[in-house]
Amino acid sequence: MKKSLAFLLFLSLCFSYSQDSVLTKSKVANAITELRDFVAIPNDALNADDIDSNLFWLRKKFTERGFNSSILDTEGLPLFFAALPMDDSKPTILFYMHLDGQSVDPSKWDQPDPYKVVLKSKIEDGWKTESFSDLSDDINYDWRLFGRSTSDDKGPIVMFLNAIDILRKENVDIPYNVKVILDSEEEKSSAPLPKAVRTYKDLLKADFLIINDGPVHVSGKPTIVYGCRGITTLSLTTYGPFKPQHSGHYGNYAPNPGFQLAQLLASMKDSEGKVLIKGYYDGISLDEETLDILRSVPDNAEEINSNLAISTPEKVGSFYQEALQYPSLNIRGLGSAWIGDQARTIVPATATAELDLRLVPESDGNRLKTLVKEHIKKQGYHVMNTLPTKEERLKYDHIVTVQEGSVTDAFRTDLNNPYGNTIVKIMENKFGEKPVQIRIMGGTVPISPFINELKIPAFIVPMVNPDNNQHSPNENLKIGQIAYGIQLFYALLSRTN
């Protein structure tokens with residue numbers, strides 16, 4: 001009953017507030033200054049000291065905006081939580097973003113320091129560095145900020161904070177409670193998150209969740225995503241001689257683990273990319289209504305293929321969005337002995353393949369890993385989870401060591417969810433066009449713990465440009481997306497069009 005009343009209040013207030021003020025470019029410039037300051041704090045997810053420095057910065061910035069904040073201990077690195085003063089008569093929205101970032105290799109970046117933001121403009125043959133002193137009311141929204149986590153995910157955090165600034169300046173009475181949870185291990189699969197959400201369940205209680213991570217659709221249109229695939233991993237290692245051996249002496253005699261692994265991997269997929277492992281796609285069915293929704297996403301197959309430089313895509317689905325509705329089986333890394341200038345005339349001792357399995361709600365990660373291991377056994381392999389001893393190597397013709405990663409579940413909210421419908425209406429009124437509605441995106445955001453524990457619907461509302469190079473060298477954020485994000489946060493928090 002309380003949920004129903006909360007949603008009715010959400011609807012009644014949806015369009016009751018006045019138009020937000022014009023977002024001046026000087027306000028965007030202020031957000032850029034704050035983002036530069038934030039990005040300058042390294043945030044490698046593998047470095048706990050980095051995370052502590054970011055938490056200190058966040059606590060200061062959220063406190064300045066009137067939030068009460070807490071550092072929530074977990075079995076891993078802490079979470080950051082903030083909330084505006086609560087009113088039990090209002091529904092509650094919970095925002096999720098993350099403060100950690102991928103590691104960097106400065107030698108791969110086109111700037112000396114990935115944590116020192118560089119301003120660039122697009123030119124015919126690449127990018128031209130611009131001076132921050134040129135930022136003014138005539139700021140060019142096509143210019144970009146290059147630096148680690150500008151897009152993933154510090155940019156959206158700064159957009160949120162600057163939208164709060166405008167709301168406070170205009171004395172807007174936000175018509176619901178606002179909570180924010182910032183993850184510090186998102187780039188490490190958020191292993192502590194499920195238990196942490198259970199521990200802090202009462203603190204995180206909300207009516208619905210909005211995730212601000214990832215890019216808008218490649219068309220650049222406003223975007224709402226109703227789900228994301230999960231992920232788990234497997235590492236497979238095959239074995240040849242105990243130590244690398246001279247290929248002249250032992251070629252044609254000592255089994256080559258590279259060939260063994262290649263044959264094993266080839267048995268898992270057909271020539272069109274479909275997984276051959278029995279039961280891998282079980283439980284997935286797409287009716288015509290769902291397929292129509294998937295086809296409504298304005299993807300351009302020719303453009304996608306051109307950007308990827310591929311002639312023909314795999315045939316798991318008949319088009320891109322359909323392909324994302326199925327679990328994937330991907331080789332994310334492959335190695336044996338030495339290559340390139342370091343190549344040697346040897347029979348390798350081992351060969352290793354790193355696999356990731358993207359999950360959909362109909363697939364269970366542990367079940368799929370079991371299916372893969374059963375398939376390997378059927379190919380004549382003795383499957384282990386440790387290094388084989390000499391006795392075991394002498395006993396079995398084919399051995400593979402399988403190491404399993406943790407599982408991050410997929411999630412998908414119903415496309416007809418009323419909170420989602422309201423968000424769509426706000427976006428449509430604000431930007432003058434219906435947003436792109438994506439049933440499930442290919443990437444993974446560790447949101448399932450919130451859904452499983454809090455029993456609330458979740459929606460991904462991305463803010464950043466699709467060509468932002470997240471996780472890669474030269475990550476960037478288009479300045480126009482900062483303006484977009486501030487406007488969208490304002491609209492969501494004030495219920496204006």
Side-chain angles (χ1 to χ4, degrees), residues 189 230-284 314-316 326-360 363-408:
S189 301
I231 189 171
T232 190
T233 60
L234 289 171
S235 178
L236 313 181
T237 298
T238 53
Y239 300 90
F242 187 68
K243 294 180 179 180
Q245 298 294 327
H246 192 296
S247 62
H249 296 324
Y250 289 102
N252 288 348
Y253 188 83
N256 189 300
F259 276 108
Q260 290 183 355
L261 185 60
Q263 292 160 358
L264 181 59
L265 294 172
S267 73
M268 296 181 185
K269 278 191 172 186
D270 67 17
S271 61
E272 294 185 326
K274 294 179 182 177
V275 175
L276 295 172
I277 298 170
K278 186 177 181 180
Y280 203 83
Y281 298 135
D282 282 1
I284 301 169
E314 294 184 332
K315 302 298 183 184
V316 178
Y326 294 87
S328 70
L329 180 62
N330 176 60
I331 301 172
R332 61 176 182 157
L334 193 61
S336 183
W338 298 268
I339 61 173
D341 293 341
Q342 302 298 315
R344 305 176 188 184
T345 53
I346 52 95
V347 178
T350 63
T352 298
E354 300 290 349
L355 309 182
D356 64 58
L357 292 66
R358 295 287 177 170
L359 313 172
V360 296
S363 61
D364 175 83
N366 289 316
R367 174 180 169 272
L368 292 191
K369 287 189 292 187
T370 297
L371 291 177
V372 173
K373 288 186 291 184
E374 290 299 321
H375 175 84
I376 293 172
K377 290 178 183 177
K378 291 177 181 177
Q379 309 311 305
Y381 280 83
H382 177 65
V383 176
M384 306 180 61
N385 60 10
T386 59
L387 293 174
T389 64
K390 182 176 181 179
E391 290 73 21
E392 288 166 330
R393 294 167 71 103
L394 291 171
K395 181 178 179 180
Y396 299 104
D397 289 338
H398 298 88
I399 298 175
V400 62
T401 295
V402 179
Q403 295 178 319
E404 301 182 30
S406 61
V407 175
T408 300

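Among residue pairs with one or both ends in residues 368-390, those qualifying as salt bridge (charged side-chain N to carboxylate O under 4.0 Å, His left out) are Lys369-Glu404, Lys373-Glu404, Glu374-Lys377; sequence neighbours excluded.
With Gln379 contributing its side chain and His375 its backbone, the two residues share a donor-acceptor pair below 3.5 Å. Looking at Tyr381, its side chain never comes within 3.5 Å of a backbone N or O of Thr401 through a donor-acceptor pair. With Arg393 contributing its side chain and Gly240 its backbone, the two residues share a donor-acceptor pair below 3.5 Å. Looking only at distances, no side-chain donor or acceptor of Gln342 sits under 3.5 Å from a matching main-chain atom of Ile339. Side-chain atoms of Glu272 never come within 3.5 Å of backbone atoms of Asp270 as a donor-acceptor pair (strictly under, hydrogens ignored). Not one N or O on the side chain of Thr237 forms a donor-acceptor pair closer than 3.5 Å with the backbone of Thr352. The backbone N or O of Thr350 sits less than 3.5 Å from a side-chain atom of Ser336, completing a donor-acceptor pair.
Residues Thr233 and Leu357 form no side-chain contact, since every pair of their non-hydrogen atoms from C-beta on lies 4.5 Å or further apart. Side chains of Pro348 and Pro257 form a contact here, defined as non-hydrogen atoms less than 4.5 Å apart. Contact annotation: the side chain of Leu261 never approaches that of Val400 to less than 4.5 Å [non-hydrogen atoms, C-beta and beyond]. Counting heavy atoms from C-beta outward, Val407 and Asp364 have side chains that stay 4.5 Å or more apart. A 4.5 Å side-chain heavy-atom check between Gln260 and Pro255 finds at least one atom pair inside the cut-off. Annotation: side chain of Leu355 is not in contact with side chain of Asn330 (no heavy-atom distance under 4.5 Å). The shortest distance between side-chain heavy atoms of Thr232 and Asp356 does not fall below 4.5 Å.
Atom OG1 of Thr386 is separated from atom CD of Gln403 by 9.0 Å, given to the nearest 0.5 angstrom. The CG atom of Leu371 sits 8.5 Å away from the OH atom of Tyr280 when rounded to the nearest 0.5 Å. Note: Leu276 CG to Ser271 OG = 9.0 Å, rounded to the nearest 0.5 Å. A distance of 9.0 Å separates NZ of Lys315 from NZ of Lys274, quoted to the nearest 0.5 Å. Interatomic distance, Ile399 CD1 to Glu392 CD, rounded to the nearest 0.5 Å: 6.5 Å. Taking CG from Leu394 and CZ from Phe242, the interatomic distance works out to 10.5 Å, rounded to the nearest 0.5 Å.
The pair Asp282-Arg367 counts as a salt bridge, with a side-chain nitrogen and a carboxylate oxygen less than 4.0 angstrom apart.
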request  = Apply the test side chain to side chain donor-acceptor pair (under 3.5 Å) to residues Thr345 and His246: give CA-CA distance (whole Å), side-chain angles for both, the deciding distance (0.1 Å), then the verdict.
outcome  = CA-CA 6 Å; Thr345 53; His246 192 296; 5.0 Å; no

Chi angles and distances behind the side-chain contact (heavy atoms from CB on, under 4.5 Å) call for Leu329, Met268 = CA-CA 9 Å; Leu329 180 62; Met268 296 181 185; 3.9 Å; yes

side-chain contact (heavy atoms from CB on, under 4.5 Å) between Tyr239 and Leu387, intermediate numbers included
CA-CA 10 Å; Tyr239 300 90; Leu387 293 174; 3.5 Å; yes

Kindly determine whether Leu368 and Leu359 satisfy side-chain contact (heavy atoms from CB on, under 4.5 Å), including the steps that lead there.
-> CA-CA 9 Å; Leu368 292 191; Leu359 313 172; 3.7 Å; yes

Self-check item: Pair Thr408-Ser189, side-chain contact (heavy atoms from CB on, under 4.5 Å): steps then yes or no
Solution: CA-CA 7 Å; Thr408 300; Ser189 301; 4.3 Å; yes

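Arg358 and Ile231 get closest at one heavy-atom pair: CZ-CD1, 3.6 Å.
Counting heavy-atom neighbours within 6.0 Å of Asn366 CG, excluding the residue itself, gives a total above 12.
Residues forming a side-chain hydrogen bond (donor to acceptor under 3.5 Å, both in side chains) with Lys269 (at least two apart in sequence, or on another chain): none.
Using a 30° and 60° split on the angle between ring planes, Tyr281 and Tyr326 fall in the perpendicular class, above 60°.
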